[in-house]
Each structure stands twice: as C-alpha cells, then as structure tokens.
Asker: 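Before I ask anything, let me first share the structure, which is written out below as structure tokens.
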Amino acid sequence: MTEALKLRVILDDVNAERLILPSRPETVNALIFEVKNKLNLAYDFRLQFQDPEFDNALCNLVNMEDLPSKATIKIVQAVESDLTQMTVLLSDNTDSPERICRWPEIFVVPTFSYEVEYALREGNSAFVKEGKTVRLTRDQKHNILDVMAGDIYKHKAYPSTKQISKAAEALVSKHLCLKENGSRTGYEGWKNSLRFKMGNYRTKLSRAGIKDVAVNAGKHSKTNPEGAAARTKIKRPKRGEVNFLPNYPHGETKDTLETQRIEMVEQFKKTSIERDMILIHQPMQRTFALRREEIVNSAPPIAELKVRWPALFCEAQLYGEFHRITNQNLPFSFYTALDKYTPQLLKLYRKRKTGSFGEKMDEVLMAYEEQEKNITTGIAALAGLPLYLKEDSTEIFKTCKDELEATQEAAVALVAVVNEDEVPAGVPFETHHVSIVLEIQVVMAHRSWADSLVILFGLIYALHLSYPEKLSGFFEFIQVILLSLDDGRKQLKPKLQALKNELE
C-alpha cells in the first residue's frame, strides 16, 4: 500500500491548510497540480519545503525524493521578479510575439465597415421576417472578405480548410442574411472565397515584408521561372505553433538584437549564483524573432545553437520558449493530460492480450505493478504507448548502469542510468540520472525520466526538429492528444487515430 503524504500547506503569512494525499505524486509538477486542485488555487506557484537536514529551513522543492512523508510546504506565488522558478511566467507579455492566443474554439466574427454593418443589420431583419437573403455590392463583399482575412491572420497565417470552414460558418450564423440558397451547408461559397482571399492576403503581407509569409516568397512563377515549385519546402506551422516566424520587435534590427544576444551570453557565462536572471529572461523574450529566424531558415547544428543560445538549454527558459511558440505551459499541460488519460490507457493495454504484443505489454505492466502503483501509473502509460502503436523505442529510450555510458551515439535519445539490468520498454520508474541526447551529444540532464521526456519534447519545438521517425506516433500522441496542438490539417496515422477515437 502506498504511504499517504501528509502536508501542512502555508498559503501566506497568516493562513495554512492541512492536506492529506492518499499517495505520493510522482513529480513536483504533479504535486503542484494536486495542491492547486485540492485547495482551489487559481494562480501559478512553486513550492518550498522545510528541509529537516537544515533545521527545517525552507528550501525550493525540486525532487519529490527530498520531501518527507509528513512535511510542511510553502506556496510561493508567481510574480514577475521571480525568474528562477520552474513555472513559466505566462502573464509576462512584454515584447511578446505577435500572436498571444491560439485558434479559438468559436470564431468571433469581426465588425465590418459602417456601410456593411448597416446593410447586414437590415438584411438580417428581412431574413427573419420574410426569409430573404441580402444582395451585396462588390465593394461590400470585398470589405467582408478583407476584414475576415485580417482577423483570421491574427490567429493563423496558414489556416486549415477546417478552420476556414469554421470562420465561414460563424459568419453565416451571425448574419443569417448571408446564407447561400442551394448550398449544402449554407456557406460553401463563403468558405471558398475566404480560402482564396487568404492566399491574396498573404501575398500582400509578403510584399510588405511580414516574415512568416515572406519566407515562402520567390517560388516558381512567370516572373521567377527558375524558382522552386510553389508547394516545395514551404515553411509554415505544422505542429500547432502560434508564433512560427515572427517579425522583429518594433524599433529593433538584426544588429541591435545581436548585441542583446551577446550581452545575454556573457551573463550566462557567470556561475548560477552570479547570474542576473532578469538580464537573461528579458533578452530571451526580446530576441525571440531573431532566434526563430536562425533556427527555421538556417537549421544550424545543435553544437552551434548551444554556443549562440545557451539559455535555450536551461529548463526554465526552454519552457518559456515553448510558451512563446505555442502559448502553452508545457509541463503543466503535459502532466494534467497524462493524469487524465492514464487510467484509460492502462485499461486499453490490459484488453489487448494477443500475440507478441500481449506478452511484451504484460512484462511492462507487471514491472510497474510490482512498484508503488499510484506513483508509477503515468510512467507505465508512457512505457506501453510505443508497444500499443507498434513502434520501436529501443533506439530512443535507452538505459545503462554507468553515467559514462550515457553519452551514447544517437541523433535523439533519452539515456537513463539505472540499477536494473533490464528495463521493460526502456522506460524506468526509478533513475539516478537521465541524459537528453541530440546529435550525438548530451545537451541537458534531469533526475526524472518523465521530466526528461517533457524537456526533450520542448527541445524538439524550440529547435524546430523532426520527431524521431521510429517513434513519430508516440510524439504525435503527446502533441495532438495530450497537448491538443493540432493544426487541423495533419492526417494522423491509422493506429494513432484509432487510439484517439478510443480516448474520446
């Protein structure tokens, strides 16, 4: 039976709560999630605990292994001046990228010109009374399409057909007089018009020098017969990125941003105690556009990126970068979704008992059931996923018994130092150390395997890397199902689509 975790939670100088959890969360992020839910806390925070090794002085809680089964913890609320915390400061929008929100669940139709709004208001009244649709002039329709295209672009430069369809549906739902007679949906014509308008709108923005569309200019055309075919090597968001290739902040040039980068690198050369985190965080925010331009357009080697942008390989700054790209808090979203889907995944694993798959899955489940169940269920769900999707994880998830072996040759890998000779599926429930390997070099490390996986996923986004081919379904599961980073365009592999359907 897993030992309960008894906590005295200090909320502020005058308030404290008693909290008993039936089992110990596997990670600090999972504990934060439990405390936030149990105590109905609406803000982001990190945790400190009274460390018995230092006469109960407060220390930052980094590893769950350090927390006694009966302990006092203190909530430290996120504020802008506290930049050393692991929780990303989502409220900091200073010099932030252009898009600060994802594609909305319900598209909000913008306001058109005064003339068009008047015509639509009158037309809607006539439609309600007599069922008549409105006849727009060419200029009026042009205004509607132009304003709609501008609003769509605020969310996404390259919306999918499904997203354009949602925008067209919202337009006709708000202005019933625009409904098309004889159309299956009532808005097919508007959908097609918006699709072509978005292409024209991107051309205008490209000519104006807007980076996320200008990067694809110069393709094959009558005026550029030597250019590449129009649909080859198109650079655009493909994994739910909100800010893929932003423009430089107002008033900045490549030279001024490069100066800030150099100053930040000099700051990073200092010891962790001497570093001024504000002088690292603010330039990282300010130089985001320069960094994305380098990474997306030039794809420099990892070794070069570590020299030019060392802060990207610091956990807190990596999570900040992921948030700039996707507008999502990576560790919180990952562990929240993993907790949600783990019971369903384990149930699906146990149902499939046939063939070699069943034997291998039994090995995984038995190994984790021998441990403390409530601590390792999330790890078990992750370990069984490649087997369920019939993917080979052996080249990506590796284990060894000596830290010197952790620098194994691999393009992408998680190498865990463990005590066991064999670890089912290469995913250990207990590790001494996990090395994160990119391009045959260790770029980061962590004590927790699950946290190391989250870091690896963040690096793939921050460095614009492809998913490992042999585990593409596994990483797409994290992207599409756990994090809901679906651009509405990608066709999932049949096995992954089937799994998604099972979980819905």
Side-chain angles (χ1 to χ4, degrees), residues 1-92 272-273 275 277 281 314-316 319-320 329-340 342 371-379 429-434 445-452 454-455:
M1 185 71 180
T2 303
E3 185 179 6
L5 186 61
K6 299 179 180 180
L7 300 172
R8 176 175 177 266
V9 185
I10 302 174
L11 301 174
D12 51 43
D13 291 341
V14 295
N15 293 300
E17 295 282 349
R18 191 169 183 264
L19 179 63
I20 298 178
L21 300 178
S23 61
R24 174 185 288 266
E26 183 180 347
T27 66
V28 174
N29 285 325
L31 175 60
I32 289 174
F33 176 75
E34 289 288 343
V35 172
K36 182 178 283 191
N37 279 348
K38 299 291 186 185
L39 301 183
N40 295 318
L41 304 178
Y43 50 83
D44 285 338
F45 57 85
R46 59 186 172 90
L47 295 175
Q48 294 182 329
F49 74 108
Q50 289 184 350
D51 193 336
E53 294 187 12
F54 296 95
D55 297 326
N56 287 329
L58 287 170
C59 296
N60 292 330
L61 181 60
V62 178
N63 297 307
M64 285 300 297
E65 294 86 349
D66 298 331
L67 188 67
S69 58
K70 183 178 181 182
T72 295
I73 61 174
K74 180 180 180 181
I75 286 177
V76 181
Q77 190 170 347
V79 293
E80 289 192 15
S81 60
D82 185 7
L83 298 171
T84 60
Q85 61 190 18
M86 296 305 296
T87 303
V88 180
L89 303 181
L90 303 183
S91 60
D92 183 5
S272 57
I273 297 176
R275 289 173 193 162
M277 295 305 294
H281 176 79
C314 168
E315 190 172 355
Y319 291 155
N329 183 324
L330 175 56
F332 180 78
S333 299
F334 176 87
Y335 283 110
T336 300
L338 184 61
D339 288 343
K340 173 185 175 182
T342 288
Q371 310 306 315
E372 297 180 67
K373 294 183 180 180
N374 291 314
I375 293 180
T376 60
T377 50
I379 295 290
F429 62 87
E430 185 176 350
T431 64
H432 297 295
H433 176 92
V434 183
H446 204 284
R447 285 190 61 182
S448 160
W449 189 91
D451 286 340
S452 299
V454 175
I455 290 170

Asker: Within the side chain of Asp51, is there an N or O that forms a donor-acceptor pair under 3.5 Å with the backbone of Glu53?
Answerer: yes
Asker: Does the side chain of Leu61 reach to within under 4.5 Å of the side chain of Leu31, using non-hydrogen atoms?
Answerer: yes
Asker: Quick one: closest heavy-atom pair of Leu338 and Thr342, and the distance?
Answerer: O-OG1, 2.6 Å
Asker: Would Val35 and Leu19 count as a side chain to side chain contact (heavy atoms under 4.5 Å, CB included) here? Give the steps.
Answerer: CA-CA 8 Å; Val35 172; Leu19 179 63; 4.1 Å; yes
Asker: Can you name the closest pair of heavy atoms from His446 and Ser448 and give their distance?
Answerer: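 Of all heavy-atom pairs spanning His446 and Ser448, the closest is ND1-N, 3.1 Å.
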Asker: Looking only at non-hydrogen atoms, find the nearest pair between Pro331 and Val454 and report the distance.
Answerer: CA-CG1, 4.2 Å
Asker: Checking side chain to side chain contact (heavy atoms under 4.5 Å, CB included) for the pair Tyr319/Asn329: CA distance, chi angles, key distance, verdict?
Answerer: CA-CA 7 Å; Tyr319 291 155; Asn329 183 324; 5.9 Å; no
Asker: Does some side-chain heavy atom of Leu47 sit less than 4.5 Å from a side-chain heavy atom of Ile32?
Answerer: yes
Asker: If you define the side chain from C-beta out and look only at heavy atoms, does anything of Leu330 sit under 4.5 Å from Phe332?
Answerer: no
Asker: Indicate yes or no: at least one non-hydrogen side-chain atom of Phe33 is less than 4.5 angstrom from one of Asn29.
Answerer: no
Asker: Could you go through Gln50 and Leu58, starting from their C-alpha distance and side-chain angles, then the distance that decides it, and tell me whether this counts as side chain to side chain contact (heavy atoms under 4.5 Å, CB included)?
Answerer: CA-CA 5 Å; Gln50 289 184 350; Leu58 287 170; 3.9 Å; yes
Asker: How long is the span from the CD atom in Glu315 to the OG atom in Ser452, to the nearest 0.5 Å?
Answerer: 8.5 Å
Asker: Contact between Pro25 and Leu5 at the side-chain level, heavy atoms closer than 4.5 Å - yes or no?
Answerer: yes
Asker: Find out whether Arg24 and Leu67 are in side-chain contact, i.e. whether some heavy atom of one side chain is under 4.5 Å from a heavy atom of the other.
Answerer: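 Yes. Closest side-chain heavy atoms under 4.5 Å.
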Asker: Looking at CZ of Arg8 and OG1 of Thr72, how far apart are the two atoms once the value is rounded to the nearest 0.5 Å?
Answerer: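 Arg8 atom CZ to Thr72 atom OG1 measures 5.0 Å (nearest 0.5 Å).
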Asker: Any side-chain heavy atom of Val9 sitting closer than 4.5 Å to one from Leu39?
Answerer: yes
Asker: With Asp451, which residues qualify under side-chain hydrogen bond (donor to acceptor under 3.5 Å, both in side chains), at least two apart?
Answerer: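 Asp451: side-chain hydrogen bond (donor to acceptor under 3.5 Å, both in side chains) contacts with Tyr335.
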Asker: Restricting to salt bridge (Lys or Arg N to Asp or Glu O under 4.0 Å), what partner residues turn up for Lys74, sequence neighbours left out?
Answerer: none
Asker: Please find the pair of heavy atoms, one from Met64 and one from Glu26, that lie closest to each other, and give the distance.
Answerer: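 Here Met64 and Glu26 meet closest at CG-O, 3.8 Å.
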Asker: I would like to know whether Arg46 and Ile75 meet side chain to side chain contact (heavy atoms under 4.5 Å, CB included); could you show each step before the answer?
Answerer: CA-CA 6 Å; Arg46 59 186 172 90; Ile75 286 177; over 6 Å; no
Asker: Taking only residues two or more places apart in sequence or in another chain, which ones pass side-chain hydrogen bond (donor to acceptor under 3.5 Å, both in side chains) with Gln48?
Answerer: Asn60
Asker: Quick check: closest heavy atoms across Ala4 and Ile20, and the distance to 0.1 Å?
Answerer: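 Looks like CB-CG2, 4.4 Å.
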Asker: Locate the shortest heavy-atom distance separating Leu7 from Ile73; write the atom from each residue and the value.
Answerer: CD1-CD1, 3.9 Å
